[in-house]
Amino acid sequence: MRLSLRPRSGCLLICLCVSVGTLLLQSLWVPGEESEVTPAGRSPEEQAQRGPVHGSRRGGPGVGRLALRLEALSAQLQRLSQERDAPNTDPQHLHLLVQSLRQDQQGLVQSVEEQLKRISQKIDQLSLHHRLHQEEEPPPGPLESCSVTLDPRYPACSEKVEFLRVRWQLDPCYAFYGVDGTTCSILTYLSQVEDFCPLRLGRNQSVLPWQHTGRSKTEKAEIRTTLSLLHEEIGSSRGPALGFVRSRVEQMSREWIQAGLRMKQSSNNTASPQMKVLLYPGVLAGPAGQRFGSMVERGGPLGELVQWADLSACLTILGHNLTLSTSRDHLHSLIGAAPGGGSCPIQRPLPFDLIYTDYHGLAHLQGAMGLTFQHYQCRFRILDSFGTEPAFNMGSYARSHGYRTLWGSWGLQPLQYMTMFPHTPDNSLMGFAVRQGVRTEGRKHNVAVVYGKQQYMWQGMADYIQVLSSEMEVHATVYQPPGGSAPLPPNVTNHGLLAQDHFHRLLHRTKVFVGLGFPYEGPAPIEALALGCVFLQPSLTPPNSSSFYRGKPTTRKVSSQHPYAEHFVGKPYVWTVDASNLTAVRQAIRDIKLTQVKPFTPREFTCAGMLERLQAYITHQDFCTPSSPTWPPEGALRTHLGPLSLSCVSVCRRSGLVCEPALFHHLNNPKTFSRLGLSCSAREQEVNHLFPAYSPWGRRCGLQAEPLLFSCAGSDPQLRRLCPCRTHLPGQVALSPHGL
């Protein structure tokens, strides 16, 4: 038996080229033993005191190990060739040799990548030092003094100098920027890389290397009629999570392109500047990404992946330039992070106009950008399925008022958080898109499909399922381990986990999609409505926040499994019943069987609706300008004074309106109380997420002192809240008809 192998000569040639190239590049930047290096930022007198600093020896242990591995791999290839050509060769023995060779090849590739990464970092460092010092050396003259001078414009300078004297070695990024522990090197860093100290004598620099001097976008984003650029970007992505994203983009390509064409032909299509956009789903990066991927294969949460897929398609159709990354190393390379632990600024201006990420990615960005994180945080957009209320968003307020959680306290503008459903108007609705134009084949059958892919979701629902199975044929899509089965109630047909196309085929003939009370607020019920199903779900009486929401940055109390479907859609498409009242459950099922509904999708969850919404956000939302928001315009404002104990979300909804946090600043003044006929015996300006508000006890009028805490959410039994309400486009609660 003979095994087919790759040509020996080709592999040896590749290894030889890599080895020679690596050693050659190393020789270009590693100084010899006899050369002297003058550390960046060190004064002449300090050099005299410390003496010359010699460079490291040529080569180094990393290259030595690489050479040894190349030599060992060459020997293995020769041995394998001899064994293959020898008579009476044991196939099993050859198989083991091939496996060993493949393992060593993988190890060699990793070693080469590590060496090339080190070389790239060193080249970046030399380039940076050259840029910082080439034209900024002080003119010949008296020796420069490296003492810390007191300058009222830089009050933190001396403190930062002392900090770096003690801690500069704790993060390699400081050495990358030329810090070597001397006062001169520290002052150079703090004046030319960070902005805590004045420039040293003879140096002239008006802008830090990482600061952006302003956007100079001249190109307009043109609606695209193809997703080919996106297919190229995600085509080589691996893993079950990105495989799901790629599959969804492919399946919905036609709908996105058709919606884009309609948008292009519409008269109100306003071109926005073309943006460079980074998509970084941090939940898919590193070990956490591997765990998330394994959950996807076992029926884990797909809602976030649905959003990432639809967001990428939406931005591509809108004409923006996308980069997708799910690797922290790749992220560091893209944003120009300095090698090390992330204490230092990035090396150059951020090359992206917008970065869409999640809470995990937000932490990764902070850990890579140093102080530049705050400088550029206005460009971040956070995919946050369940929302972040303002009381949880501002760190100092959250800590002092009992709103601190693992997920809040980032201090962003609340509208930078983008939700799956319009939970609270304090955040922006990202949403997702549902496939349209799918024909239901013939009449609906007397079939119910239960919404719950994990067996634990069925616990405690046996009587509920029994009533359902007595009236209808019951199907399930519960995960089954390989070779096993899921223990479900009798008379339930389990199909196991289904691919999206197969699941949609099942829903084509399904009359009712049945919720079990969990998972909360997923995309599947909206997809079922689009396929002509009725959604039956349990109510929660009284409304509760459940243990699922504990620890999340929200105080919302849900009244059902899917509050959006209950409140924004309702009957005849959505039926909400008390699952413990079996008589009511049976009657609801019988009524549903007699109800005929057509496929239905709210406009905001169509491709056209998502394109319209994202286009408006990119055109009008500006969190980088320090002035008050101007969108929607003041003309959209409808001021309402709420009763005691009611949030502005509820106050506006009662009038068929939506609370708009961007309009709060228009009514946060004493004149508003007068216009509403309220006389104030006392006025106070306070950091309080419930203000502006009026207290009848003592006729106290409270104004908001912190704009980050303007909040539609929140109520108090002693306060009547002043609420900025507005109208909205039909089927598009996120958008006002004013200012579009």
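Scope of the values below: all heavy atoms of this structure, side chains included, with no hydrogens, waters or symmetry mates.
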Peer 1: Please check if the distance between the ring centroids of Trp210 and His375 is under 6.0 Å.
Peer 2: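 That pair passes the under 6.0 Å test.
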
Peer 1: Would Val574 and Val534 satisfy side-chain contact (heavy atoms from CB on, under 4.5 Å), going step by step from the backbone distance to the final call?
Peer 2: CA-CA 6 Å; Val574 178; Val534 172; over 6 Å; no

Peer 1: Between Phe386 and Tyr549, does the ring centroid distance fall short of 6.0 Å?
Peer 2: yes

Peer 1: Work out which heavy atom in Gln615 is nearest to a heavy atom in Ser272; give both atom names and the distance.
Peer 2: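 So the two residues come closest at OE1-OG, 3.6 Å.
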
Peer 1: Under 6.0 Å between ring centres, would you say that holds for Phe421 and His562?
Peer 2: yes

Peer 1: Would you mind reporting whether Glu527 and Phe513 have side-chain heavy atoms less than 4.5 Å apart?
Peer 2: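 The answer is no; the side chains never approach within 4.5 Å.
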
Peer 1: Under 3.5 Å, is there a donor-acceptor pair between the side chain of Arg699 and the main chain of Ala682?
Peer 2: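 Not a single qualifying donor-acceptor pair exists.
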
Peer 1: Take Leu415 and Gln621 through the test side-chain contact (heavy atoms from CB on, under 4.5 Å) and record every step on the way to the result.
Peer 2: CA-CA 9 Å; Leu415 287 170; Gln621 283 186 339; 4.3 Å; yes

Peer 1: Would you indicate whether the side-chain heavy atoms of Tyr451 and Pro519 approach each other to under 4.5 Å?
Peer 2: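 They are in contact (side-chain heavy atoms under 4.5 Å apart), so the answer is yes.
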
Peer 1: Considering all heavy atoms of both residues, which atom of Pro523 and which atom of Val306 are nearest to each other, and what is their separation?
Peer 2: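 Heavy-atom minimum between the residues: CG-CG2, 4.5 Å.
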
Peer 1: Would you kindly say whether the two SG atoms, from Cys723 and from Cys652, are closer than 2.5 Å?
Peer 2: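 A disulfide is absent here, as the SG pair of Cys723 and Cys652 is separated by 2.5 Å or more.
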
Peer 1: Are Pro737 and Thr727 packed together at the side-chain level, in the sense that at least one heavy-atom pair is separated by less than 4.5 angstrom?
Peer 2: yes

Peer 1: Backbone N or O of Ala433 within a donor-acceptor pair of the Asp310 side chain at under 3.5 Å?
Peer 2: yes

Peer 1: Less than 4.0 Å between a side-chain N and a carboxylate O, is that true for Arg603 and Glu612?
Peer 2: yes

Peer 1: Who pairs with Gln718 by side-chain hydrogen bond (donor to acceptor under 3.5 Å, both in side chains), at least two apart in sequence or on another chain?
Peer 2: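 With neighbours one apart ignored, the set is empty.
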
Peer 1: Would you say that Phe673 contacts Tyr694 through its side chain, given a criterion of any heavy-atom pair below 4.5 Å between the two side chains?
Peer 2: yes

Peer 1: How about Cys659 and Cys648: are their SG atoms under 2.5 Å apart?
Peer 2: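 No, the SG atoms are not under 2.5 Å apart.
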
Peer 1: Do NZ/NE/NH1/NH2 and the carboxylate oxygens of Arg700 and Glu686 come within less than 4.0 Å?
Peer 2: no

Peer 1: For Leu657, does its backbone N or O pair with a side-chain atom of Ser655 as donor and acceptor, under 3.5 Å?
Peer 2: no

Peer 1: Do side-chain atoms of His320 reach the backbone of Met275 as a donor and acceptor pair under 3.5 angstrom?
Peer 2: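 Yes, because the side chain of His320 sits within donor-acceptor range (under 3.5 Å) of the backbone of Met275.
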
Peer 1: Using every non-hydrogen atom in the two residues, find where Ala368 and Ile335 come nearest and quote the distance to one decimal.
Peer 2: CB-CD1, 4.0 Å

Peer 1: Looking at every non-hydrogen atom in both residues, tell me the closest pair between Leu536 and Ala588 and how far apart they are.
Peer 2: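 Closest approach of Leu536 to Ala588, heavy atoms only: CD1-CB, 4.4 Å.
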
Peer 1: Determine whether Ile223 and Ile317 make a side-chain contact, defined as any pair of heavy atoms from C-beta on separated by less than 4.5 Å.
Peer 2: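 In contact.
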
Peer 1: Rounded to the nearest 0.5 Å, what's the gap from CE on Met369 to OG1 on Thr372? Could you check?
Peer 2: 4.0 Å

Peer 1: Mind running ring pair (Phe, Tyr, Trp, His ring centres under 6.0 Å) on His689 and Tyr397 for me, showing each step along the way?
Peer 2: CA-CA 9 Å; His689 74 285; Tyr397 186 83; 5.8 Å; yes

Peer 1: Using the ring-ring contact (aromatic ring centres under 6.0 Å, His included) definition, which of the options Tyr359, Tyr403, Tyr417 pairs with Phe392?
Peer 2: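 Among Tyr359, Tyr403, Tyr417, the one meeting ring-ring contact (aromatic ring centres under 6.0 Å, His included) with Phe392 is Tyr403.
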
Peer 1: Are Pro425 and Val649 close enough that some pair of their side-chain heavy atoms sits under 4.5 Å apart?
Peer 2: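 Side chain of Pro425 against side chain of Val649, heavy atoms only: contact under 4.5 Å found.
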
Peer 1: So, Gln307 side chain and Gly431 main chain: donor-acceptor pair closer than 3.5 Å or not?
Peer 2: yes

Peer 1: Indicate yes or no for a side-chain donor-acceptor contact from Asn669 to the backbone of His666 under 3.5 Å, with no hydrogens or angles considered.
Peer 2: yes

Peer 1: Looking at Asn393 and Gly408, would you say the former's side chain and the latter's main chain have a donor-acceptor pair under 3.5 Å?
Peer 2: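 No.
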
Peer 1: In Å, rounded to the nearest 0.5 Å, how long is the span from OG1 of Thr606 to CD1 of Ile526?
Peer 2: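 Rounded to the nearest 0.5 Å, the OG1-CD1 separation comes out at 12.0 Å.
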
Peer 1: Could you tell me whether a side-chain N or O of Thr405 sits under 3.5 Å from a main-chain N or O of Trp407, the two making a donor and an acceptor?
Peer 2: yes

Peer 1: Applying side chain to side chain donor-acceptor pair (under 3.5 Å) to Ser559 and His567, what does each step give before you reach the verdict?
Peer 2: CA-CA 10 Å; Ser559 56; His567 296 295; 3.2 Å; yes

Peer 1: From Leu371 CG over to Tyr376 OH, what is the distance, rounded to the nearest 0.5 angstrom?
Peer 2: 11.0 Å

Peer 1: Does the ring pair (Phe, Tyr, Trp, His ring centres under 6.0 Å) test come out yes or no for Trp410 and Phe373, once each step is laid out?
Peer 2: CA-CA 11 Å; Trp410 286 96; Phe373 178 83; 5.8 Å; yes

Peer 1: Less than 2.5 angstrom apart at the SG atoms, yes or no, for Cys314 and Cys607?
Peer 2: no

Peer 1: Is there a ring pair (Phe, Tyr, Trp, His ring centres under 6.0 Å) between Phe548 and Tyr520? Walk through the geometry before answering.
Peer 2: CA-CA 9 Å; Phe548 175 77; Tyr520 294 112; 5.6 Å; yes

Peer 1: Please report the shortest heavy-atom distance between Thr576 and Ser560, naming the atom on each side.
Peer 2: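 Shortest heavy-atom separation between Thr576 and Ser560 comes out as CG2-CB, 3.9 Å.
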
Peer 1: For the pair Asp578 and Ser539, evaluate side-chain contact (heavy atoms from CB on, under 4.5 Å) and give the outcome as yes or no after the intermediate values.
Peer 2: CA-CA 5 Å; Asp578 180 0; Ser539 63; 4.0 Å; yes

Peer 1: To the closest 0.5 Å, what do you measure between NZ (Lys598) and CG (Leu529)?
Peer 2: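 Answer rounded to 0.5 Å: 16.0 Å.
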
Peer 1: Do Leu678 and Leu641 make a side-chain contact, defined as non-hydrogen atoms from C-beta onward lying under 4.5 Å apart?
Peer 2: yes

Peer 1: Is there a donor-acceptor pair closer than 3.5 Å between any side-chain N or O of Asn668 and the backbone N or O of Leu703?
Peer 2: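 Not at all, since once roles are kept as given, no pair shorter than 3.5 Å links the two residues.
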
Peer 1: When you look at CD of Gln685, are more than 12 heavy atoms from neighbouring residues, nucleotides or ligands closer to it than 6.0 Å?
Peer 2: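 Yes - once you tally the heavy atoms of other residues, nucleotides and ligands closer than 6.0 Å, there are more than 12.
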
Peer 1: Salt bridge (charged side-chain N to carboxylate O under 4.0 Å, His left out), that's the test. Do Glu194 and Lys160 meet it? Break it down for me.
Peer 2: CA-CA 10 Å; Glu194 297 189 11; Lys160 289 290 183 179; 5.3 Å; no

Peer 1: Please confirm whether the ring centroid of Tyr356 lies under 6.0 Å from the ring centroid of Tyr280.
Peer 2: no

Peer 1: With a 4.5 Å heavy-atom cut-off, do Leu708 and Gln413 have their side chains touching?
Peer 2: yes

Peer 1: Which heavy atom of Phe623 sits nearest to which heavy atom of Cys378, and what is that distance?
Peer 2: O-CB, 3.2 Å

Peer 1: How far apart are the C-alpha atoms of Val651 and Arg721, what are their side-chain angles, what is the distance that settles it, and do they pass the side-chain contact (heavy atoms from CB on, under 4.5 Å) test?
Peer 2: CA-CA 9 Å; Val651 170; Arg721 300 202 55 194; 5.9 Å; no

Peer 1: Taking atom CG of Leu362 and atom CZ of Phe380, what is their separation to the nearest 0.5 Å?
Peer 2: 6.5 Å

Peer 1: For the atom pair NE2 (His360) and CG (Leu365), what is the distance rounded to the nearest 0.5 Å?
Peer 2: 13.5 Å

Peer 1: Would you please name every residue forming a salt bridge (Lys or Arg N to Asp or Glu O under 4.0 Å) with Glu660, sequence neighbours left out?
Peer 2: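 Salt bridge (Lys or Arg N to Asp or Glu O under 4.0 Å) check on Glu660 returns Arg726.
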
Peer 1: Without swapping roles, check the side chain of Arg379 against the backbone of Phe352 for a donor-acceptor pair under 3.5 Å.
Peer 2: yes

Peer 1: Centres of the Tyr564 and Phe605 rings: under 6.0 Å?
Peer 2: yes

